[in-house]
There are 2 protein chains.
Amino acid sequence: MAFSNISIKLVRTIPAGSPTLKDFKVEAVDTPSESSLKPNEVLIRSLYFSCDPYFRGRLSGTKDSYVTSFIPGNPLEGRGIGIVEASTSPKFSKGDMITSAAFKWENYFISSDAQLTNIPSNTGISPGNHLGVLGMPSFTAYVGLVHLCKAQAGETILVSAASGAVGQMVVQLAKTRGLRVIGAAGSDDKVEFVKSLGADVVFNYKTCGNLGDTVKKAAPQGIDIYFDNVGGELLDVALSSMRFFGRIAACGMISQYNATPETAYHIKNLGNVVTKKVTIYGYIVSDYFAKPVYKDFIDEVSARFKKGDIQYKLDEVVGIENAPQALLDLFEGKNFGKRVVKVGGVI
Amino acid sequence: MAFSNISIKLVRTIPAGSPTLKDFKVEAVDTPSESSLKPNEVLIRSLYFSCDPYFRGRLSGTKDSYVTSFIPGNPLEGRGIGIVEASTSPKFSKGDMITSAAFKWENYFISSDAQLTNIPSNTGISPGNHLGVLGMPSFTAYVGLVHLCKAQAGETILVSAASGAVGQMVVQLAKTRGLRVIGAAGSDDKVEFVKSLGADVVFNYKTCGNLGDTVKKAAPQGIDIYFDNVGGELLDVALSSMRFFGRIAACGMISQYNATPETAYHIKNLGNVVTKKVTIYGYIVSDYFAKPVYKDFIDEVSARFKKGDIQYKLDEVVGIENAPQALLDLFEGKNFGKRVVKVGGVI
């Protein structure tokens, strides 16, 4: 354990507004030693951290959400992938690849074995892609599209943030199921990428002009499913474009996470849920890992990915010291694909 | 057919804002004669018209809704109860009691038999109560509470317009299922009525002061189900009060039906559907009459009503000439219970 250890810590909670680099501290800390392990503990070397929009809620200090808030002075934590360096647990051995949803943002840390899951080494899926194509955002796509909205061939779907971690999977799963797919993305590069995934119409929501007109032109008959990552104006436009018996999968509202009471977008068209008989499914994917739909997802997506008929764009930021910026970028839509931090060292 | 005939006609469509008496015409028209019946037609004497919030949409001239708009110069129509005066249909005989969803607002009118349904005369339910306790609004309550939201004993429900046609049934069905019931109503008389139905807490939303504080005090732990008839601010407050896995039955937004772009309420708390994993069910009850849930409703509610353990408040306006005012009152919350027009004549 001669390697040095960096910890990414929260400086203060940020109830509203945009976090900045000053809200995080990149701190050199002691590397935990093998001899300090208590029974059933594991010393982990970090390979990848997952950066996800839901982190915004954990920065806010609120106690009123589905995830616990980060505590100032403590390291951030989230989904990650690592290698077992030492273990006093009968379930894990040195060299095993593991994942955890309580993965600390440090090069080395000690975890109880109860929070860890082994990743088989023979899957043919790279470590980063366990956070990517088989990761939480992909599963979010699957739950919303397949399990909740029950997408049917011939329907029309609008996908927000269509190049993002969730959106790119929604686009591809929808196309393989015979839907007409309309994607919204935030740069011309992203638009091209989403087209390359097979979407029928893709627009740059920042430059397309009037959003309502753009959606109406893309879907003159309206939309059956809206897959919502972003909330705000595009959600409002989607509400006004829903067809009878439309469904909305609402798994995030990133456009509003940094909003203050002054800048928050207010929804005008919610009345359409009645007149168009729309169901809005708000959901958090963590409720579905223990359900049969998780196995369906792993089976379908890993087979398709290995065959090459699903693509997945990872957006890797290299170096633990860059983790705070990697996260801030995400809140501003500067990522392109599923953002992960490649921690460093030998993988 | 010596009786005279009055027709309630629409003068103009009203896309936004509040309709007035001038938008309707009370016109004397010829009484249709038995000899003018074509094959499979029925001459009907009207007993009751149902006044319902969804009429507001039909006054708007829109083609983009789940019901057809009324046409200026034509009589209004909706759900009604009447008696067969003459028939060329093998399915209906003089003296039968019938209902129809395309019941014209006239003392006498001719209908094709395809639009009529017989009401058995031995049900023990009065004619008006076929529009009331067994009518469309009651079924709306049943579908939302039982079929969609799957109310469970021990949960807390907030019911808007709790003294209204839908709300009073929601309150009672929820109580019999073991829920804690919080009702909102628009006058002190209505509050007392809702309490008499068994609701645990009832408040007057017009005089309670801050709505958010009022709901928080009534339900410190939050609400599991919000039954929404009204939309607007109370919906927004409910969204901010939802517990994890909450459900919202959205069957109407009457507070917004007469809103103009300037007066419409904009929703601020829709983000809670994600963080609290809420499902919003927008629905229209007419989609459910052909489903098994309709028989469940008739069986349960007619049995309970006859036993006396469900009450139902009909708000009868007498005289076809008063039908326009009866409808306008509804849009302003001046009804108290399920509003019907008792047409007149011998019942």
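Protein chains get the first letters and strands the later ones, always in sequence-line order, with residue 1 at the start of each.
Judged as a side chain to side chain contact (heavy atoms under 4.5 Å, CB included), and not counting sequence neighbours, the contacts of V274(B) are A250(A), M253(A), I284(A).
Separation of atoms CD1 (I280(A)) and CG (L270(B)) is listed at 5.5 Å; rounding is to 0.5 Å.
Most heavy-atom pairs under 4.5 Å with chain B: of the set V273(A), L235(A), I267(A), this distinction falls to I267(A).
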Taking donor and acceptor roles from the modelled atom types, list the N and O pairs under 3.5 Å across chain A and chain B.
{"residue": "D64(A)", "atom": "OD1", "partner": "K276(B)", "partner atom": "NZ", "Å": "3.2"}
{"residue": "D64(A)", "atom": "OD2", "partner": "K276(B)", "partner atom": "NZ", "Å": "3.4"}
{"residue": "I267(A)", "atom": "N", "partner": "I267(B)", "partner atom": "O", "Å": "2.8"}
{"residue": "I267(A)", "atom": "O", "partner": "I267(B)", "partner atom": "N", "Å": "2.8"}
{"residue": "K276(A)", "atom": "NZ", "partner": "D64(B)", "partner atom": "OD1", "Å": "3.3"}
{"residue": "K276(A)", "atom": "NZ", "partner": "D64(B)", "partner atom": "OD2", "Å": "3.3"}
{"residue": "K277(A)", "atom": "NZ", "partner": "D287(B)", "partner atom": "OD1", "Å": "3.1"}
{"residue": "K277(A)", "atom": "NZ", "partner": "D287(B)", "partner atom": "OD2", "Å": "2.9"}
{"residue": "V278(A)", "atom": "O", "partner": "G282(B)", "partner atom": "N", "Å": "2.8"}
{"residue": "I280(A)", "atom": "N", "partner": "I280(B)", "partner atom": "O", "Å": "2.8"}
{"residue": "I280(A)", "atom": "O", "partner": "I280(B)", "partner atom": "N", "Å": "2.8"}
{"residue": "G282(A)", "atom": "N", "partner": "V278(B)", "partner atom": "O", "Å": "2.8"}
{"residue": "D287(A)", "atom": "OD1", "partner": "K277(B)", "partner atom": "NZ", "Å": "3.1"}
{"residue": "D287(A)", "atom": "OD2", "partner": "K277(B)", "partner atom": "NZ", "Å": "2.9"}

